[in-house]
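Let me begin by presenting the structure, written as structure tokens, before commenting on it.
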Amino acid sequence: MAKLLEKVNSPADLKKFRLRQLEKLTEELREVIVKTVAETGGHLAPNLGVIELTVALHYVFDSPKDKIVWDVGHQAYAHKLLTGRRDKFHTLRQYGGIAGFPKRSESPHDIVDVGHSSTSISAALGLVTAQDFLKQEGKVVVVIGDGSMTAGLAFEGLNNAGHLKKDLIVILNDNEMSISPNVGALSSFLSRKLTGPVARRLKRELESFVSHLPGGEHLVTAIRKSEDAIKCLLTPGMLFEALGFRYVGPIPGHNLETLIDTLRNVKNLEGPTLVHVLTKKGKGYRPAEEEPEKFHGLGPFDIKTGKPKTSKNKPPSYTSVFSKTMVRLGEMEPRLVAITAAMPSGTGLKAFSERFPERFFDVGIAEQHAVTFAAGLALGGMIPVCAIYSTFLQRAFDQIIHDVALTNLHVVFAIDRAGIVGEDGPTHQGQFDLTYLRLIPNMIVMAPKDENELQHMLYTAVKCQGPVAVRYPRGAGEGASLDWELKEIPIGKGEILREGEDILLVAIGNMVYPALKAADLLAKEGLSATVINARFVKPLDEDLITEWALRTGRVVTIEENTLLGGFGSAVMELFQQKGLRFPVKRIGLPDKFIEHGAPALLREKYGLTPEKIAEEVKDWLLHQERPDIRVLTA
């Protein structure tokens, strides 16, 4: 018997199915998603939780005429399967394959390129406003999770949408809020009845009749308030009603019939409407249901056991070393507190939260608040460590400047997932942090060459004064043995790892080991290279870099960051300030958004492997004669 999913090449095909077929289709979608993510890795629990909702949305609305905007987009796998990408779905998150997030270049059904949270309502409000200006037809629907509602941007969008009274539908996908089954069932019943065509017609007729009676205006207001009062009494909708939205729900998010009936009714409503849908993360796959946080985003895994398919011989990850070091630092320093923005496991702070629950703060998806909250803690005498991924810390750029650096507060930024992240693609690559941090006055910026240096840098960051950032990559470390005794690294001091006469290689962070290996390859070609582990992007070790630049006469900088304004730019600025004219070659990421793909493959493509570095240096040296030192210093 042919599978139903094989008959779906666009959302229009769904409309031919009966309810029972749609329910069977949701089972097929779950099976395909679990099997695919088990091979490719990805976001599993969020996608399993919205399958019925996705089917109902595409059954009721007419995408892409009706625009469905996914917040974050990490829950849009079923959407991709239903919008013409079924045959390519096995390439999910693979280089050259389909992205793990909505991407406009992939499909007209993907309305916004997205990967960060809480942007959907503002973007959708812009879309519906543009439609009004251009006299275009079609609904605009947002799907946003309860976690994304913790961000201020979501409420800014809600506030503006309620004020403008635009015809916007917001689906609140709630998989965390605790609401009893009885209340949920009753409010679901009320919402379906109060938004149905009969109820709407009766309400209009009643309001029209009453308005012509003496004092009718007051009676109409009373009728409207009575409906609102019933809903607010039995549901958590008072906040959204206060923001100018008609509140519908909560309704069960895995009951297709209820979802379809409610969405059909809501489709005919005018003005801003919020539909509150209750779902379960990981629905249909037991390991994901039991541990939704673990299965939120993960690598390849075994379907039967749910255990990851990872090599047992890999060195510990930078994140795990950060995790253990934070616990040690917490034991040493009673003023140390840890902050995360909804990523306790991802950032490695779960162990700290269990050991020091009173000193751990998960502020939700609110990076701006996290940084300013950290500033307040620092003002109060605490030592806050703000652990946020590189790509997400971008969201708090102004807070870093205005609330932390301006007053030189001692806040430690632990920046995980710096550099190439891989399969999550351009929205998640941590390729800008060296650039956007080094331009901030008072900021110390450092990056460890390996996991052992990471623990010493964290210790140093806690001991020093002022704002300090430690950036480190995703994934396994270099296999360096970990010192038990933690040591302070002198601020702004690098180290020489290898001495040579022909060229100077200055590397930062996870590019130090590739630089060392590149030096080995160059030696086989008869080229002798000095290798410096810069350690600090700001302040630079000016004396060390200048001394060895003068000795060799030719300099190559290596970083896993965009070249624009990055580490290499800092070195060139140093030479310019000192009046030195060295030939300098910068190796790093180009001025473009880096696509999704395995990190090793992307590093190969962008010239950040030892072999590519050696080849680039050798080719460059063919056109660079060793300059006269007198000319360099003239």
Side-chain angles (χ1 to χ4, degrees), residues 418-420 430-439 445-449 453 471-473 492-522 527-578 580-591 594 603 606-621 623-624 626-627 632:
I420 289 174
Q431 66 188 91
F432 305 114
D433 54 82
L434 293 185
T435 298
Y436 71 72
L437 290 172
R438 65 171 285 261
L439 61 83
V445 184
M446 50 181 145
K449 70 178 185 293
E453 196 164 64
R471 69 102 75 165
Y472 46 96
K493 293 299 177 183
E495 62 173 349
I496 296 177
L497 300 177
R498 178 187 181 122
E499 295 186 7
E501 300 175 353
D502 297 318
I503 192 166
L504 170 62
L505 307 182
V506 191
I508 188 73
N510 65 322
M511 286 292 101
V512 171
Y513 279 85
L516 280 169
K517 293 172 184 174
D520 290 336
L521 295 172
L522 290 170
L527 295 168
S528 174
T530 292
V531 178
I532 289 179
N533 168 24
R535 284 180 171 160
F536 292 85
V537 175
K538 187 178 184 180
L540 285 174
D541 191 334
E542 297 184 1
D543 294 339
L544 184 67
I545 294 172
T546 302
E547 176 190 348
W548 282 92
L550 285 166
R551 289 193 190 188
T552 61
R554 294 170 293 193
V555 181
V556 174
T557 64
I558 311 166
E559 62 191 299
E560 196 168 282
N561 184 83
T562 183
L563 287 173
L564 272 67
F567 172 67
S569 296
V571 173
M572 293 184 75
E573 290 165 15
L574 165 65
F575 294 154
Q576 188 272 332
Q577 289 165 6
K578 289 185 174 290
L580 302 173
R581 292 181 287 173
F582 293 109
V584 178
K585 171 71 177 176
R586 295 178 303 146
I587 296 176
L589 296 173
D591 181 24
I594 306 302
R603 290 186 179 110
Y606 292 106
L608 297 178
T609 62
E611 295 76 16
K612 292 287 187 179
I613 292 169
E615 182 182 337
E616 184 83 8
V617 171
K618 188 176 68 172
D619 290 346
W620 182 66
L621 286 177
H623 303 92
Q624 296 292 333
R626 186 191 298 276
L632 294 175

Determine the minimum heavy-atom distance between [X] and [Y], stating which atoms define it.
| X | Y | value |
| --- | --- | --- |
| Ala570 | Leu540 | O-CD1, 3.5 Å |
| Glu559 | Phe567 | OE1-N, 2.7 Å |
| Asp433 | Ala418 | OD2-CB, 3.7 Å |
| Gly553 | Phe582 | O-CD2, 3.9 Å |
| Gly568 | Thr557 | CA-OG1, 3.3 Å |
| Trp620 | Val555 | CH2-O, 3.7 Å |

### With Glu560 via side chain to side chain donor-acceptor pair (under 3.5 Å) - residues at least two apart
Asn510, Arg603
### Residue pairs, two or more places apart or on separate chains, that pass salt bridge (Lys or Arg N to Asp or Glu O under 4.0 Å) and touch residues 510-521
Arg498-Asp520
### Side-chain donor/acceptor of Ser569 to backbone N/O of Leu563, under 3.5 Å
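It does hold such a pair.
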Distance, nearest 0.5 Å, that separates [atom1] of [X] from [atom2] of [Y]:
| X | Y | atom1 | atom2 | value |
| --- | --- | --- | --- | --- |
| Ile532 | Trp548 | CD1 | CH2 | 7.5 Å |
| Ile545 | Ile496 | CD1 | CD1 | 10.5 Å |
| Thr552 | Leu550 | OG1 | CG | 8.5 Å |
| Ile587 | Leu505 | CD1 | CG | 8.0 Å |

Donor-acceptor pairs are to be reported for all side-chain atoms of residues 608-616 against protein atoms at under 3.5 Å, with residues two or more places apart or in another chain.
| residue | atom | partner | partner atom | Å |
| --- | --- | --- | --- | --- |
| Thr609 | OG1 | Lys612 | N | 3.2 |
| Glu616 | OE2 | Lys585 | NZ | 2.8 |

### Task
Check whether any side-chain heavy atom of Leu527 lies under 4.5 Å from a side-chain heavy atom of Ile503, and answer yes or no.
no
### Message
Is the shortest side-chain heavy-atom distance between Leu522 and Lys618 below 4.5 Å?
### Response
yes
### Message
For residues 529-546, which residue pairs pass the side chain to side chain donor-acceptor pair (under 3.5 Å) check, not counting sequence neighbours?
### Response
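Found Glu453-Asn533, Glu453-Arg535, Glu495-Asn533, Glu495-Arg535.
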### Message
Between Arg554 and Asp502, does the side chain to side chain contact (heavy atoms under 4.5 Å, CB included) criterion hold? Intermediate values first, please.
### Response
CA-CA 7 Å; Arg554 294 170 293 193; Asp502 297 318; 4.1 Å; yes
### Query
With sequence neighbours left out, what residues match Glu573 under salt bridge (Lys or Arg N to Asp or Glu O under 4.0 Å)?
Arg438
### Query
Does Leu564 have any side-chain contact (heavy atoms from CB on, under 4.5 Å) partners at least two apart in sequence or in another chain, and if so, which?
Thr562, Asp591
